[in-house]
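Quick notes on the structure that follows.
Because the structure is predicted, anything quoted here is derived from the model rather than measured.
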Amino acid sequence: MEVFAQRPTRIPPVTQVGREIQPDQRQTGNEGTTRQEGEDQQGGRRKLIDDSTQMVFGPKTTLYFFERDIKRNRLKKHELDTLLNNFHYYEPVAKSGWKYQDLGNIGTAAQSVFYQAPVMIGTTSGFHAYDLYHQSPDSIKYYDTKSPFTNMELFFGGGNRNMMDLEFARNVTPKWNVGFTLNTIRARKVLNPNRRDDNQTVKNAYVFQTSYKSDNDKYLLLANFSRTRHVVAEQGGIIPPSVDSTSLYFTYEDAKVWLRDASAIDLRQDYHLYHEYELLKGWQVYHVFDKRKQDVTFKSALSSPSSNFFDLYNPERFNRLDSTINYNHFSEWRNEMGFKGDIGPLYYNAFAKFRTGRMKGNFQVDPYGFDELSIGGALRGEINENWRFEAEGEYLIPSAFRINGKFISPFLEATYTKALYKPTAMQMLYRGNHHRWSNRFSNIGLDQVQGVIKADFKRWSIRPNLTINRVSNYVFFDENQQAAQSSGDAFMLIPGVKTSFNVGGKLFWETEAYYTLITGDGADNFRIPEIFANSRIYFDSPMFNENLFIQIGIDVRYRSEYFADAYSPAMQQFYLQDLQQQRFGVAGYPVFDFFLNARINRTRILLRYNHVNDNLLSVPGYFVTPDYTGLKGLLDVGISWPLFD
């Protein structure tokens, strides 16, 4: 019989606005069952042979880890997650906690609702609209398996919005593992499809990865290769009724859209290698190599009816009159070398990094090139898993840097980040058929303080948190769809709270909410809803003698009304609306979803009905971006099926 103490504790993750930090003590995987034969631990791994001498393979014998933990000498091997919690959040925007603004369909252009501190202080391409759907090399899982492992996840969204994830890994030898993943999206247009397979998004992505450790445990190698081809049929949004009186919002399949023959392609390819060697006990040298490229293309005819969209929003024709074909190629090479080690409870790291790359467009005479040399390091002091501090820094010679400090205790977590980072290559130099500029922007400055108070108890938890940002010299895309730099600072005060309550170990209520106040001369360059909230109430219990585990409940999410950024498909960027014209306010609207998650043995299934309150309120639906509606009422079905032999 299962008792509550064996159930995974639902403690809200520590939240940094727009992303989550997982507490060290939070479980990463649990089958939700009572202890079985053969579950005795031996050296941190469950015993592989039960009393009947049969091999016992499963989530506890298939472990994974990340490169970032290896690099920081904090190797954590995680068990596979078979929890039901949040399983119905299968698409990327939902997995983020709905903290992204997209175009109302899986795989469409997306940007974070909240301001994000930069991870890369050097030059990036600037084409980030599809970052959410790309698996970066530092997020790839490496496995240690006692048997061949295969995981298949299939999601059949209403309206033919489908996704497939296939994962395989196996140990060739006890210290050499190989594997691959395959991810696809086939999402039919939500607005005005003309046939069953009239897809808005077609994504094909795969990753090959391997990890190897020498017999004497001194040498470790991690390597992966990934390729993603993401194709989106751009529609330009719904034609506003003010432009065409016969065009109506919230008609979905019958909506009138601007573009029928426009497409965007984002092709990415990464080669990544990390390896280290232990010279002396507790002291390692390491090397990181990356070779990356990104090809971004936008194509559209400029004949009628597509010409009406460009005549209204992008009237310039700098290169071609009959069609637009914008192509940009970004490539980079990176080499990082350093050393690291441990002295008692103190971890240290020092490195030097060199990056070289360029951005080249089909209408550019000369590419935008860069060579960047940086040095940096990190320190970590650790009393135990509950008490530690971390500090890291990087200096990009001669004028950019990033320092970050973190304090972690059982009751409080606090971080401070100060950075001066470069604008993107696209913001500095761009030549397209409808847009062009050449800029000399200053580096962007950031001061950020974040903190969370952790009050966690057996059946309830409350975690107040606060984020304070000061952003100076911010670079953005203005009302004229031009790259621009703010002359003033923006100050953001974002208090929030995450709560979790349960009654009898079966009824749960979880909530997160944020209030955003922006002031300063640069405040108008950020469009963030004043109130952002998600809440969920659900029943969670085993049934039929623990042969079936279910979650059933209701999700609700809400953003207060704000002038959300509009989207330009020609340059694949979100840009500010003109507040003087007050063209389009994305109204505050609560969205209710019904969900049912279930697990039989190790197989999980989901049912989710999106937008239960469709056409039940004073307005028939909601918008996520100007002229792009959110989902109507649709039923989604999904299954996750892991195999361990």
Carboxylate-amine/guanidinium proximity below 4.0 Å for Glu392 and Arg402:
yes
To the nearest 0.5 Å, what is the distance between CG (Asn534) and OH (Tyr558)?
13.0 Å
Say whether Ser568 and Gln481, considering side chains only, have a donor N or O and an acceptor N or O under 3.5 Å apart.
yes
Check: Phe526 ring centroid to Tyr474 ring centroid under 6.0 Å:
yes
Taking 4.0 angstrom as the limit, do Asp447 and Lys418 come out as a salt bridge?
yes
If you measure from the Lys or Arg side-chain nitrogens to the Asp or Glu carboxylate oxygens, is any gap between Glu385 and Arg74 under 4.0 Å?
yes
CZ of Arg608 to NE2 of His88, rounded to nearest 0.5 Å, is 7.0 Å
How would you list, by chain and number, every residue that makes a side chain to side chain contact (heavy atoms under 4.5 Å, CB included) with Val556, sequence neighbours excluded?
Ser535, Pro590, Phe592
Would a 4.5 Å heavy-atom cut-off, applied to side chains only, mark Asp627 and Tyr249 as touching?
yes
Tell me yes or no: between the side chains of Asp131 and His134, is some donor less than 3.5 Å from an acceptor?
no
Does the side chain of Tyr133 pick up a donor-acceptor pair with the side chain of Asp266 at under 3.5 Å?
no
What's the spacing between Thr108 OG1 and Tyr628 OH if we round to 0.5 Å?
8.5 Å
Do the side chains of Tyr421 and Asn443 get nearer than 4.5 Å, heavy atoms only?
no
Qualifying residue, where the test is side-chain hydrogen bond (donor to acceptor under 3.5 Å, both in side chains) with Asp565 and the options are Gln573, Arg527, Gln111, Gln101:
Gln111
Do Arg459 and Asn502 get their side chains close enough for a donor-acceptor pair, meaning under 3.5 Å?
yes
With a distance cut-off below 6.0 Å to the six-membered ring centre and an angular limit of 45° from the axis, does Lys141 pair with Tyr64 as a cation-pi contact?
yes
For Gln448 and Asn469, does a side-chain donor sit closer than 3.5 Å to a side-chain acceptor?
yes
Could Arg470 and Asp489 be called an ion pair, given the rule that one side-chain N must be under 4.0 Å from one carboxylate O?
yes
Under a 3.5 Å threshold, yes or no: a donor from one side chain and an acceptor from the other, between Asn610 and Asp636?
yes
Would you check if the side chain of Asn86 reaches a backbone N or O of Tyr89 as a donor-acceptor pair within less than 3.5 Å?
no
Keeping Ser560 on the side-chain end and Glu530 on the backbone end, is there a donor-acceptor pair under 3.5 Å?
yes
For residues 615-622, run the donor-acceptor check on the side chains, cut-off 3.5 Å, and write out each pair with its distance to 0.1 Å, sequence neighbours left out.
unit_1, atom_1, unit_2, atom_2, d
Tyr622, OH, Arg557, NH2, 3.4
Tyr622, OH, Leu631, N, 3.4

Ionic contact status for Lys632 with Glu253, cut-off 4.0 Å:
yes
Can you tell me if Gln450 and Tyr416 form a side-chain donor-acceptor pair at under 3.5 Å?
no
Which label fits Phe584 and Phe623: parallel for a plane angle under 30°, tilted from 30 to 60°, or perpendicular past 60°?
perpendicular
Would Arg536 and Asp593 pass as an ion pair if we require N to O under 4.0 Å?
no
Verify the neighbour count for atom CH2 of Trp509: are there more than 12 heavy atoms of other residues, nucleotides or ligands below 6.0 Å?
no
Do the non-hydrogen side-chain atoms of Ser461 and Thr499 ever get within less than 4.5 Å of each other?
no
Is it true that Lys454 and Glu413 have a side-chain N and a carboxylate O under 4.0 angstrom from each other?
yes
Any side-chain heavy-atom pair of Leu191 and Ile238 under 4.5 Å
yes
